[in-house]
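These figures come from a predicted structure and were not determined experimentally.
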Amino acid sequence: MSIEKKNTKVVLVDYKDKMSLTHAAEFLETLAKKLREDGTFTLTHDGVHHGVTPASEVELEIKLEKEQNKYSFEVELEWRDGNKSTDSSISIS
C-alpha cells in the first residue's frame, strides 16, 4: 500500500481593504524598497508577523482584467528555493 503525499496550500494572509490610491501606492513603494534594499520584509496582519524572503530569482505575474465597469490589476511573485535567472519582457512606465 502506497501513501501519496498531497500538496496542501496554506493561505497565511488573505487581506482586502478599501483605501486611497495614494495609500496603496505608498504600501507598494515600501514593499519594493524593502525587497530592493534588504531582499526581505515582514508582513504583519492581525498581530501575526510573517517573514517573507523571496529567492533571488522570482516569477512575476501581471494580470489586468475588466468586467463591465470594474477593473482589476494584480501583481504576483512566486518563487522556489534555488530558482534560476530568466529574461523578462515586461516593463512599466
Side-chain angles (χ1 to χ4, degrees):
M1 179 162 123
S2 70
I3 299 173
E4 287 185 41
K5 247 187 184 180
K6 292 184 180 182
N7 290 335
T8 304
K9 181 190 284 189
V10 177
V11 176
L12 300 174
V13 175
D14 187 4
Y15 176 81
K16 184 187 284 190
D17 194 9
K18 290 190 178 188
M19 63 183 68
S20 70
L21 180 58
T22 301
H23 186 99
E26 288 170 353
F27 182 89
L28 293 172
E29 287 169 344
T30 300
L31 176 62
K33 181 179 179 187
K34 294 291 290 176
L35 287 173
R36 184 174 37 256
E37 293 177 358
D38 304 331
T40 188
F41 63 93
T42 300
L43 186 61
T44 303
H45 181 251
D46 289 339
V48 179
H49 306 288
H50 300 277
V52 182
T53 305
S56 61
E57 300 296 330
V58 297
E59 180 179 311
L60 174 66
E61 180 179 335
I62 303 292
K63 186 184 292 186
L64 177 61
E65 296 178 328
K66 179 182 178 188
E67 184 178 336
Q68 296 180 354
N69 66 342
K70 181 180 177 182
Y71 290 85
S72 173
F73 177 70
E74 298 178 22
V75 178
E76 180 177 317
L77 290 180
E78 285 188 12
W79 64 90
R80 294 177 192 260
D81 291 334
N83 277 5
K84 302 293 182 200
S85 178
T86 59
D87 290 334
S88 176
S89 63
I90 191 168
S91 64
I92 193 165
S93 58

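Clustering ILVMFWY residues whenever any of their side-chain heavy atoms sit less than 4.5 angstrom apart, transitively, puts L31 in the very cluster that holds F73. One hydrophobic cluster, built from ILVMFWY side chains closer than 4.5 Å, holds both V58 and I62. The cluster map of Ile, Leu, Val, Met, Phe, Trp and Tyr, joined by side-chain heavy atoms under 4.5 Å apart, puts Y15 and V75 in the same cluster. Note on L64: it does not cluster hydrophobically with L21, by side-chain heavy-atom contacts below 4.5 Å among ILVMFWY residues.
The neighbour count for E74 CD, taken as heavy atoms of other residues, nucleotides or ligands under 6.0 Å away, is above 12. Remark: D17 CG is packed, more than 12 non-hydrogen atoms of other residues, nucleotides or ligands lying under 6.0 Å away.
Sorted by first and then second residue, the side-chain hydrogen bond (donor to acceptor under 3.5 Å, both in side chains) pairs with a member in residues 18-30 form an empty list; sequence neighbours excluded.
Counting all heavy atoms, side chain and backbone alike, A55 lies closest to R80 at CB-O, 3.5 Å. Heavy atoms only, all atoms of each residue included: V52 and T40 are closest at O-OG1, 2.8 Å. Nearest heavy atom pair, residue G39 against residue P54, reads O-CD, 3.6 Å. Summarising the geometry of W79 relative to E57, their closest heavy-atom pair is CB-O, 4.0 Å, with the distance given to 0.1 Å.
Put simply, the side chain of L43 does not reach to within 4.5 Å of the side chain of L12, judged on heavy atoms.
Note that CD of E76 and CD of E59 are 8.0 Å apart. Values are rounded to the nearest 0.5 Å.
Between the side chain of T42 and the main chain of H50, no donor-acceptor pair closer than 3.5 Å is present.
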